Amino acid sequence: MTGSRSQTVTSQNEASQSAGQTARLVVPFDDNTFLPHLLGEYDSHLSLLEDRLGIGAHAHGNVIVLTGSETSCKIAREVLEELYARVTKGVSIGPGDFDGLLRHNKDGEKKSKSTGQGEIATRRKIIKARTLQQTAYINALHKEDLVFGIGPAGTGKTYLAVTFAAHCLEKGLVERIILSRPAVEAGERLGFLPGDMREKVDPYLRPLYDALYDVLPPEKVEKDLESGVIEIAPLAFMRGRTLANAFVILDEAQNTTSMQMKMFLTRLGEGSKMAVTGDPSQIDLPSGMTSGLMEAVNMLESVKGIEATKFTAADVVRRDLVARIVEAYERSS
């Protein structure tokens, strides 16, 4: 790892350590001018490591001393070294980056199933996966032409799809981005909202806009919206179109009917990619109407060129409380 080494200060005999004695791991860093960014305000990032791994973590000069179980200390070292490497390259880090790497490293057995790039490069930043499922999702977006992202809010399924679309646009892999959502939101319909079509649709697409502004310069987003390079296309207006050389995103897909989902998926043209995202636990369709999302996922499971990534509460990356809320709802369903 660039700019970082580690060494284990062993106890007098390794047998006693394996019997449960606390391990001590010293992690030195070459340039302590980067350490304030690594440690966080008031060493908050070290506190997070202590809380998640049940270890002690203390900074002394240009080293961090870890005490606890050998396995947990090794995980903490790997996380610190990886994030130190990012900081030295000018990448901003926060608690979410620590949390994501901890999830990856604590799930070592599953890593082999999610190997690959696990990152998306855009003009403004490099987005790295924070969970194993996010890694699998990003790798699927790189590899397949149609990807489903299914799971609760806060798992990054929509944000990563929009980020990858921006990446494809910047690299010239597609000529435009098309954003779509069904106009169903807790019983409200487009006709009840004031303004022209874009003004009606904007509230529904705000999460997609937010992601675009996060990874592309605001002036580029505005220019591309004006020129049609980034297009807002309500699902109801997609019928009859063939979408070529585009990255097409359908968000809130749990609110599509079976017929709408089939119509949307068959719009895929030459040189295009699609991402379909949704949360099957938040369906706002009228009672008795079947959602087309899981029906499509199950029906197309074995079709070549299509992959589905299913997120759970364990993949929620917003904050711990959100994950606990999702878990509580999952237990009661």
Side-chain angles (χ1 to χ4, degrees), residues 1-10 17 22-112 114-136 138-139 156 159-160 163 167 214-215 315-320:
M1 184 65 65
T2 302
S4 175
R5 306 175 307 279
S6 65
Q7 60 187 26
T8 306
V9 179
T10 59
Q17 194 178 87
T22 298
R24 185 170 183 267
L25 191 65
V26 178
V27 188
F29 299 92
D30 290 340
D31 190 342
N32 62 8
T33 61
F34 292 108
L35 287 188
H37 302 286
L38 179 66
L39 302 178
E41 189 174 10
Y42 302 114
D43 292 353
S44 59
H45 295 159
L46 291 187
S47 297
L48 191 151
L49 287 178
E50 291 178 322
D51 181 58
R52 295 285 195 279
L53 295 173
I55 63 172
H58 306 281
H60 300 284
N62 70 324
V63 304
I64 295 175
V65 180
L66 307 170
T67 55
S69 77
E70 185 175 358
T71 299
S72 294
C73 286
K74 285 182 177 179
I75 290 173
R77 179 196 65 197
E78 291 172 5
V79 169
L80 288 167
E81 290 180 336
E82 167 65 23
L83 292 178
Y84 176 81
R86 294 188 196 177
V87 168
T88 60
K89 295 175 184 176
V91 178
S92 296
I93 62 171
D97 298 288
F98 276 83
D99 192 52
L101 282 177
L102 284 170
R103 295 185 200 203
H104 270 275
N105 292 9
K106 288 173 73 176
D107 259 336
E109 293 179 358
K110 301 177 184 176
K111 280 185 182 180
S112 60
S114 297
T115 55
Q117 292 177 310
E119 67 178 41
I120 304 169
T122 67
R123 190 183 308 183
R124 297 187 72 181
K125 61 174 67 176
I126 295 176
I127 308 299
K128 291 182 178 285
R130 293 185 176 182
T131 70
L132 292 171
Q133 284 300 89
Q134 284 194 353
T135 298
I138 291 172
N139 293 339
Y159 179 83
L160 292 175
T163 300
H167 161 82
D214 194 41
V215 296
D315 299 297
V316 173
V317 294
R318 286 182 181 166
R319 55 177 293 187
D320 287 347

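The structure displayed is predicted, hence computed values, not measured ones. No hydrogens, no waters, no symmetry mates; every other heavy atom, side chains included, goes into these values.
- The main-chain N or O of A121 is found under 3.5 Å from a side-chain atom of H167 such that the two form a donor-acceptor pair.
- The minimum heavy-atom distance linking R24 with T67 is given by the pair CG-CG2, 4.0 Å.
- A distance-only check finds a donor-acceptor pair linking the side chain of D97 to the backbone of G94 [under 3.5 Å].
- In terms of heavy atoms, G68 sits closest to C73 at N-SG, 3.5 Å.
- Note that CG of D315 is 13.0 Å distant from CZ of R130, once rounded to the nearest 0.5 Å.
- For R123, the salt bridge (Lys or Arg N to Asp or Glu O under 4.0 Å) partners at least two apart in sequence or on another chain are E170.
- At a threshold of 4.0 Å, the pair K74-E70 counts as salt-bridged, since one of the basic side-chain nitrogens sits closer than that to a carboxylate oxygen.
- Looking only at side-chain heavy atoms (C-beta outward), K125 and T163 stay at 4.5 Å or farther from each other.
- For residues 32-44, the side-chain hydrogen bond (donor to acceptor under 3.5 Å, both in side chains) pairs, not counting sequence neighbours, are D31-T33.
- Expressed to the nearest 0.5 Å, how far CD1 of I120 lies from CG of L160 amounts to 5.0 Å.
- Between I64 and L39, some side-chain heavy-atom pair lies under the 4.5 Å cut-off.
- Each of V65, L66, N62, V63 was evaluated against V27; a single residue qualifies, L66, per the side-chain contact (heavy atoms from CB on, under 4.5 Å) test.
- Checking side-chain atoms of H45 against main-chain N and O of L38 turns up a donor-acceptor pair under 3.5 Å.
- In terms of heavy atoms, A76 sits closest to I55 at CB-CD1, 3.6 Å.
- Across all their heavy atoms, Y84 and D30 have their closest contact at OH-N, 3.7 Å.
- Atom CG in L80 sits 12.0 Å away from atom CD1 in I75 (nearest 0.5 Å).
- For the pair L46/L49, a side-chain contact is recorded, criterion being any heavy-atom separation below 4.5 Å from C-beta on.
- In this structure, CZ on F34 lies 11.5 Å from CD1 on I93, to the nearest 0.5 angstrom.
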- Please walk me through it: do Y159 and V215 pass side-chain contact (heavy atoms from CB on, under 4.5 Å)? CA-CA 10 Å; Y159 179 83; V215 296; 3.8 Å; yes

